[in-house]
Enquirer: 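Starting off with a structure, shown below.
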Amino acid sequence: LKSLSDRALGIKPSATIAMDSRAKELMAQGVPIISLGAGEPDFSTPETIKNDAIAAIHGNKTRYTLPSGILELKEAVCSELKNRHHLHYDPAQIIISSGAKHGISNALSVLINPGDEVLIPSPCWVTYPELVKYYGGTPVLVPTHQSAGFKLRAKDLEGYITSATKLLILNNPNNPTGSTLNFAELAPIAELILEHDLWCVSDEIYEYICYQPQSLRSIAAFSPEMQQRTLIISGVSKAFAMTGWRIGYSASAPEVALAIARTQGQTTHHPANISQYAALSALSGNRETVTQMVNAFKARRDYAIASLQDIPGLLASIPEGAFYLFLNIQEFLNQAGALNFKNSVELCDYLLSSHHLALIPGEGFGAPGYIRLSYACSDANLKTGINRLKTALNLIKSNAS
Ligand code: PMP
Ligand code: GLU
């Protein structure tokens, strides 16, 4: 047989999905795994949204829609962008995608030419570098620093911009660190983007899950020029507990939106009609359940921080958004004795096999020496998971001494 495409052979499996799948397989075999791995809210989709989706089925919303999605949902997204970010978009600038991941894939597919360099602040979500390579671009990882709370600063980016740089992927709040940039912190980054004539793909999927006192603004709101060159990506998966419905969206300049709609029309056509009605219900309904869920995430974050802060050096930062803790486990690597792990992958394997705890190794996020803990799980699982982690780390230390 002739070989598969270089593109297909080059793409690495998602480290988050790989660990989640292993945990699920073990659970199916009856192993009592606690998973603080995948970033997926444990809450059920709110009842009103489910009921509106059922009504959509009975109302025969079961046929093709426009490739860009149903008009009512695009209008609801425009209202959302106006209310949250004071940004004006026309529905024609909104493309509804099959989740935010698909929105990012669409965005990169219309921006990247072979050889283009794409700046990705690191630690970064596992998917960005792989998608950039998939579309023929070169991912350029730009380190952010634990000492700065992993917040991206313009000075971190400057040295990485070359004549081949095409765009920056900004993730605010960030997965895996939870670092969150307020509008003042975004300003110098926006200036740099404008100065170097770059595009910006701004992944704002965690925008609602934010513990900062002031609400988040998109980098696109910096100026009309910035709005012109930014592709905002967001969706309903995280804030509305709708991961499986697969609805995300992009907001971009009219000619970019047209290119995305053409691409989507030739690839997936459009996300499920029924799911689009469910997302419409989410965006046009009241936000009580979102507030309750965000309050629960904050309480879990505070609990996890309080429980782990007696382990010196473990908490790499205090996250202001998303639902992850990024843990620095360098103190627990290369220890003497039987529990000697060379890297985070080996440590996470040990946690899974010997302590039945799933966490994601930092390597997948471009950050060896760290592990990611998701607190988007039940309070009981969080408590048990943290106890297991502490037991394991204590064992590693006591074995070494
Ligand atoms: N961006 C980031 C940073 C994420 O963590 C995720 C999680 N899946 C996504 C995008 C994708 O979201 P969705 O499930 O809507 O595709
Ligand atoms: N985004 C979530 C995570 O980081 C879900 C899995 C994925 O799509 O990567 O865990």
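Ligands are counted one by one from 1 in listed order, and the atoms in each one are counted from 1 as well. Each residue takes its place number in the sequence, starting with 1.
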Enquirer: Give the atoms of ligand 2, by number and element, whose distance to some non-hydrogen atom of A38 is under 4.0 Å.
Expert: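 Going through ligand 2 atom by atom, the ones under 4.0 Å from A38 are 10 (O).
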Enquirer: Could you pull out the closest heavy-atom pair between S234 and E207, with the gap in Å?
Expert: OG-OE2, 2.8 Å
Enquirer: Does NZ or CZ of R300 come closer than 6.0 Å to the centre of the six-membered ring of Y375, within 45° of the ring's axis?
Expert: no
Enquirer: Do Y208 and F297 have ring centroids that are under 6.0 Å from one another?
Expert: no
Enquirer: Give the single entry among M19, R372, K101 that approaches atom 4 (O) of ligand 2 most closely by any heavy atom.
Expert: R372
Enquirer: For ligand 1, list all ligand N or O to protein N or O distances below 3.5 Å, rounded to 0.1 Å.
Expert:
residue: ligand 1; atom: 1 (N); partner: D203; partner atom: OD2; Å: 2.6
residue: ligand 1; atom: 5 (O); partner: N175; partner atom: ND2; Å: 2.7
residue: ligand 1; atom: 5 (O); partner: Y206; partner atom: OH; Å: 2.6
residue: ligand 1; atom: 8 (N); partner: K238; partner atom: NZ; Å: 3.1
residue: ligand 1; atom: 14 (O); partner: S237; partner atom: OG; Å: 3.3
residue: ligand 1; atom: 14 (O); partner: R246; partner atom: NH1; Å: 2.9
residue: ligand 1; atom: 15 (O); partner: A100; partner atom: N; Å: 2.8
residue: ligand 1; atom: 15 (O); partner: S237; partner atom: OG; Å: 2.6
residue: ligand 1; atom: 16 (O); partner: A100; partner atom: N; Å: 3.1
residue: ligand 1; atom: 16 (O); partner: K101; partner atom: N; Å: 2.9
residue: ligand 1; atom: 16 (O); partner: R246; partner atom: NH2; Å: 2.8

Enquirer: Below the 3.5 angstrom mark, is there an N/O of W125, backbone or side chain, next to an N/O of ligand 2?
Expert: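 Yes.
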Enquirer: Can you tell me the protein heavy atom closest to atom 1 (N) of ligand 2 and the distance?
Expert: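 Residue, atom and distance for the closest contact: K238 NZ, 3.3 Å.
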Enquirer: Is the Lys NZ or Arg CZ of K397 less than 6.0 Å from the centre of F332's six-membered ring, within 45° of the axis?
Expert: yes
Enquirer: If every non-hydrogen atom of M27 is compared with every non-hydrogen atom of S35, which pair is closest and at what distance?
Expert: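 Heavy atoms of M27 and S35 come nearest at CE-CB, 3.9 Å.
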Enquirer: Counting the benzene-type ring for Trp, do Y89 and Y249 have ring centres under 6.0 Å apart?
Expert: no
Enquirer: What side-chain donor-acceptor pairs closer than 3.5 Å can you find for residues 110-121, not counting sequence neighbours?
Expert:
residue: D116; atom: OD2; partner: N113; partner atom: N; Å: 2.7
residue: D116; atom: OD2; partner: K166; partner atom: NZ; Å: 3.0
residue: E117; atom: OE1; partner: T162; partner atom: OG1; Å: 2.8

Enquirer: Which residue and atom name correspond to the protein heavy atom nearest atom 9 (O) of ligand 2, and how close is it?
Expert: T16 OG1, 2.6 Å
Enquirer: Roughly how far, to the nearest 0.5 Å, is the OG atom of S98 from the CH2 atom of W245?
Expert: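 One gets 14.0 Å once the value is rounded to the nearest 0.5 Å.
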Enquirer: May I ask you to check whether G39 has an N/O atom sitting below 3.5 Å from an N/O atom of ligand 2?
Expert: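 In this structure, G39 places an N or O atom under 3.5 Å from an N or O of ligand 2.
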Enquirer: Does F365 approach ligand 2 within less than 4.0 angstrom via side chain, backbone, both or neither, non-hydrogen atoms only?
Expert: neither
Enquirer: Look at E363 together with K342 and state whether they make a salt bridge at an N to O cut-off of under 4.0 Å.
Expert: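 Judged by the 4.0 Å cut-off on N to carboxylate O distance, E363 and K342 do not form a salt bridge.
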Enquirer: Is the contact between N175 and ligand 2 made by the side chain, the backbone, both, or neither, using heavy atoms and a 4.0 Å cut-off?
Expert: side chain
Enquirer: Flag the pair E25 and R22 as a salt bridge only when some basic side-chain nitrogen lies within less than 4.0 angstrom of an acidic carboxylate oxygen.
Expert: no
